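Just below is one structure, and these are the notes that go with it.
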Number of protein chains: 2
Amino acid sequence: MNSRIVLERCDELAAISALPDGLIERTYLTVEHKSANATVAQWLTDAGLHAIWQDAAGNVCGRLEGERPGLPVLLLGSHLDTVPQAGRYDGILGVLIAIEVVARIKKSGRTLPFALEVVGFGDEEGTRFGATLLGSRALVGTWDPQWWRLTDADGASLREAFAAFGLDPDAITRAARRPEDLVGYLEAHIEQGPILEQRDRALGLVTSIAGARRMLITVTGRAAHAGTPYAARRDALAGASEAILAVESLAPGLGLIATVGRIGAQPGAVNVVAGSTTFSLDVRAASDEARDAGLEKLLAELKAICARRRLSLSVEHTHAAETVYCDPALKATLAQGVIATGDDDPLELFSPAGHDAMAIASLTRVGMLFIRCAGGVSHHPEESVREDDVALAIDAMHAAVLSLAESYEPYEPETARATG
Amino acid sequence: MNSRIVLERCDELAAISALPDGLIERTYLTVEHKSANATVAQWLTDAGLHAIWQDAAGNVCGRLEGERPGLPVLLLGSHLDTVPQAGRYDGILGVLIAIEVVARIKKSGRTLPFALEVVGFGDEEGTRFGATLLGSRALVGTWDPQWWRLTDADGASLREAFAAFGLDPDAITRAARRPEDLVGYLEAHIEQGPILEQRDRALGLVTSIAGARRMLITVTGRAAHAGTPYAARRDALAGASEAILAVESLAPGLGLIATVGRIGAQPGAVNVVAGSTTFSLDVRAASDEARDAGLEKLLAELKAICARRRLSLSVEHTHAAETVYCDPALKATLAQGVIATGDDDPLELFSPAGHDAMAIASLTRVGMLFIRCAGGVSHHPEESVREDDVALAIDAMHAAVLSLAESYEPYEPETARATG
């Protein structure tokens with residue numbers, strides 16, 4: 001069974017880790033990254049690909065030519081890096097499914113009207129240098145020279161890490177692809193959410209990848225002695241707590257997925273009522289319009305909560321990314337793939353989490369297939385998938401690639417960019 | 001009017017500050033401390049006291065002898081130091097009222113069967129070195145030699161600060177008094193709460209000074225990607241927020257004054273659901289029994305909240321102080337004083353905040369008089385009192401001292417310590 005091989009390879013990569021005791025951490029430009037690339041390159045070799053290389057950004061690639069050499073390429077891939085104390089499937093599973101799909105096509109002897117490439121991105125999570133999607137942004141050609149000065153926890157700069165890894169920072173633009181050389185990009189990924197499980201589906205079609213908006217919210221009251229009775233308090237932390245609970249309770253009804261992950265109270269003394277409290281807010285939705293409309297209502301509610309408590313609330317917007325829409329034609333192609341596995345009416349859902357496809361959509365059209373994961377748990381050692389779901393994902397992706405080959409007409413990148 | 005002088009002196013001391021723009025900060029063993037002591041010493045001189053000195057801990061003192069020199073002494077006082085961005089009455093007002101009371105008795109020519117001393121403690125707030133009540137603990141003789149190594153924000157040790165102030169650290173025990181030399185300790189202080197204002201009273205009798213219990217509470221869930229849907233989350237910060245709101249809503253019904261002043265979420269990233277959140281809890285009540293019983297119920301509720309959210313809750317107890325009870329006889333004496341001002345049925349209340357009297361109760365019996373402050377606001381520039389309330393406080397304290405003199409029998413310290 002190909003699914004068994006894929007899961008065994010997930011286990012094998014999980015063992016390439018900077019952490020002891022079976023915990024997984026594999027970050028950009030580390031010895032673990034080098035080792036994972038070498039391992040994946042061997043599997044690409046075993047799959048019989050025509051060319052295997054590491055690109056100028058440290059992404060590992062393998063190419064199967066189409067009917068003739070040099071045709072535009074359909075990219076299949078995901079990332080090989082992890083967060084700290086990660087699961088073993090986020091990203092990795094998509095790379096290994098891509099290898100299996102290309103191996104199956106190679107083995108069948110069938111040639112396609114486009115080339116296929118597997119890409120294992122070196123950085124998507126941003127764990128080491130803070131900035132995310134470094135691998136796919138190098139491929140897209142949107143590498144920001146400011147990033148060279150980013151440093152890791154040990155003070156090593158991204159530029160230094162490139163050199164230490166054996167890469168030439170000045171050659172980074174060589175990792176960039178041209179739109180006219182591409183047919184599109186397909187990515188399989190665990191859902192990182194419980195919707196497929198709740199709906200009893202193995203696979204789902206991604207409609208869009210949510211662009212997050214992030215902000216810092218500061219609730220201001222008045223610092224006071226811990227002996228101060230409640231009636232006299234204007235407790236910023238109590239107000240922030242009510243606001244955080246309101247975020248949790250109101251977000252679903254507003255079509256939002258919202259997260260408060262960081263908080264601090266000032267002056268921050270055990271025996272002083274907080275005079276101010278600042279917390280982060282990350283908001284995502286199926287579309288930018290839905291997100292912004294929901295956010296406006298949410299912030300109005302938070303302000304009302306603070307006003308009732310004689311507190312003020314201020315918002316500092318720190319980040320806004322546009323939602324990326326998957327290409328309708330590639331979504332239809334992936335739907336054909338899912339239907340071929342026996343699911344007549346594939347479920348569509350949006351991705352609240354960012355993915356490599358998000359960066360690649362600025363270069364070529366993208367399609368994403370989600371795979372059920374247990375309990376929606378991700379970025380955690382308990383992350384898990386079913387072997388039969390993985391088998392279905394390989395089958396669906398394989399069928400989608402063949403379906404795309406059958407209907408293939410040389411792709412017009414300009415149109416794709418308009419919808420991307 | 002004596003009350004006018006007292007308020008003008010509060011303003012004069014407020015100008016002795018380490019902060020610009022009218023903000024007040026005056027901390028232990030600083031140039032501001034030295035200047036405040038000199039100013040207060042001048043006022044003690046103006047009051048005609050027999051002896052004025054700075055003790056071995058930097059407390060400023062003035063003594064009016066009784067019917068003959070060397071009699072046991074009734075201490076009257078409070079502290080002269082402040083928190084950062086303080087009000088101008090917390091502590092200071094009690095020292096200045098004490099000066100007025102002693103001045104009035106001196107002026108009347110009346111001699112008492114005990115001596116009177118005014119004490120202006122150099123440290124109660126603990127702003128500079130973290131440890132509180134340093135002035136009164138030196139007077140009590142419970143100075144901890146470990147404190148010498150405490151450092152301020154600039155790295156100066158308490159020992160170095162002593163030397164810089166012109167004090168001899170090795171002479172600290174000379175600040176300690178003996179119980180047999182004392183009649184008791186009376187302190188006037190702003191309420192730092194709104195109860196007197198709510199009950200329309202100028203003055204109140206303190207029954208006890210609450211001993212705080214402090215702890216760190218850690219709520220543990222599971223870190224997860226910000227894209228994770230709500231159903232799959234075990235969000236420690238959302239759980240902590242619900243717990244903090246429950247502290248606020250349940251504490252009054254449990255007879256507690258509870259404060260959460262510090263909080264942090266881990267991993268603390270904008271785009272990661274918190275895996276754990278730790279917050280502080282400070283709990284006070286009228287008695288240790290009420291506090292501990294209320295706390296037990298409160299923690300049970302917090303655990304239930306966490307259990308419903310599939311979170312765990314752990315408690316690390318970091319501090320516990322016993323409640324200090326004011327001496328019934330001194331409370332009755334202060335009641336006589338308040339009744340003399342026209343309030344036939346003085347209100348009794350406990351102090352959720354700590355005071356110098358708390359330390360001194362381990363040496364001699366203590367009594368405390370609370371003075372109404374606007375809105376219960378303290379430790380803040382908006383701290384304010386009414387001049388007519390200050391006049392009543394001076395009258396009440398004066399009447400109480402005379403009442404004590406009339407009923408005075410040489411005090412038995414052993415009994416006092418049993419009730420203290």
Side-chain angles (χ1 to χ4, degrees), chain A residues 83-85 90 192-195 198 210 212 214 222-232 235 237-238 240-245 247-248 251-252 257 259-265 267-274 277 279-280 282 284 318-319 351-354 375-380 382, chain B residues 83-85 192-195 198 210 212 214 222-232 235 237-238 240-245 247-248 251-252 257 259-265 267-274 277 279-282 284 318-319 351-354 375-380 382:
Chain A
V83 295
Q85 303 192 27
D90 172 2
Q192 302 183 278
I195 294 172
Q198 286 165 5
R214 293 178 188 158
R222 188 169 55 196
H225 190 280
T228 306
Y230 285 104
D235 184 336
L237 179 49
S241 296
E242 189 174 344
I244 292 166
L245 279 184
V247 167
E248 184 189 45
I257 293 182
T259 300
V260 178
R262 185 179 287 176
I263 189 168
V270 174
N271 61 340
V272 179
V273 174
T277 299
F279 60 89
S280 64
D282 174 300
R284 301 155 191 236
T318 56
H319 171 88
S351 172
V377 175
S378 181
H379 283 193
H380 192 277
E382 290 175 17
Chain B
V83 295
Q85 304 192 27
Q192 303 182 279
I195 293 171
Q198 286 164 5
R214 293 178 188 157
R222 186 170 57 195
H225 190 280
T228 307
Y230 285 104
D235 184 338
L237 179 49
S241 295
E242 190 174 344
I244 291 166
L245 279 184
V247 167
E248 184 188 46
I257 292 181
T259 300
V260 178
R262 185 179 288 176
I263 189 168
V270 174
N271 61 341
V272 180
V273 175
T277 298
F279 60 89
S280 63
L281 180 64
D282 174 300
R284 300 154 192 236
T318 56
H319 171 89
S351 172
V377 175
S378 180
H379 284 192
H380 191 277
E382 289 175 18

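Here is how names work: the chains are called A, B, and so on, in the same order as the sequence lines, proteins then strands, and each is numbered from 1. The model shown is predicted, which means the values in this text are computed figures rather than measured ones.
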Handout entry: Option in Asn271(B), Ile195(B), Val273(B) with maximal non-hydrogen atom pairs under 4.5 Å from chain A
Key = Asn271(B)
Handout entry: Residue pair Val247(B) / Tyr230(A): nearest heavy atoms and the distance that separates them
Key = O-OH, 4.0 Å
Fill in the blank from the handout: The interface call for Ala226(B) against chain A, heavy-atom contacts under 4.5 Å, is both
Exercise for the section: Under 4.5 Å, counting heavy-atom pairs only, tell me which of Ala240(B), Ala274(B), Ala269(B), Pro267(B) racks up the most with chain A. Expected result: Ala269(B)
Exercise for the section: Side chain from CB out, backbone as N, CA, C, O: work out which of these in His225(B) comes under 4.5 Å of a heavy atom of chain A, or both, or neither. Expected result: both
Handout entry: side-chain contact (heavy atoms from CB on, under 4.5 Å) evaluation trace for Arg222(A) with Val377(B)
Key = CA-CA 9 Å; Arg222(A) 188 169 55 196; Val377(B) 175; 3.2 Å; yes
Problem - Pairs of heavy atoms under 4.5 Å with chain A: top-ranked of Glu248(B), Gln198(B), His319(B), His380(B) - result: Glu248(B)
Completion exercise
Note: Thr228(A) and Gly376(B) closest approach over all heavy atoms is CG2-O, 4.1 Å
Practice task
Give, as side chain, backbone, both or neither, the part of Ala238(A) having an atom under 4.5 angstrom from any heavy atom of chain B.
Solution key: both
Problem - Largest heavy-atom contact set with chain B, pairs under 4.5 Å, which of Pro194(A), Ala265(A), Gly193(A), Ala243(A) - result: Pro194(A)
Problem - Under 4.5 Å from a heavy atom of chain A, the part of Val270(B) involved - result: both
Fill in the blank from the handout: Applying a strict 4.5 Å limit to non-hydrogen atoms, the region of Ser280(B) in contact with chain A is side chain
Handout entry: Contacting region of Ser378(A) [heavy-atom separation from chain B under 4.5 Å]
Key = backbone
Practice task
State the CD1-OG1 distance between Ile244(B) and Thr277(B), to the nearest 0.5 angstrom.
Solution key: 8.5 Å
Handout entry: Under 3.5 Å: donor-acceptor pair, side chain of Arg284(B), backbone of Pro352(B)
Key = yes
Practice task
Measure the CZ-CG distance between Arg262(B) and Leu281(B) for me, rounded to the nearest 0.5 Å.
Solution key: 13.0 Å
Completion exercise
With Ser241(B) as partner, the option from Leu237(A), Ile263(A), Leu245(A) fulfilling side-chain contact (heavy atoms from CB on, under 4.5 Å) is Leu245(A)
Problem - Interface moiety of Glu382(B) toward chain A, non-hydrogen atoms closer than 4.5 Å - result: side chain
Handout entry: Sidechain-backbone polar pair: Thr318(A) side chain, Arg214(A) backbone, donor-acceptor under 3.5 Å
Key = yes
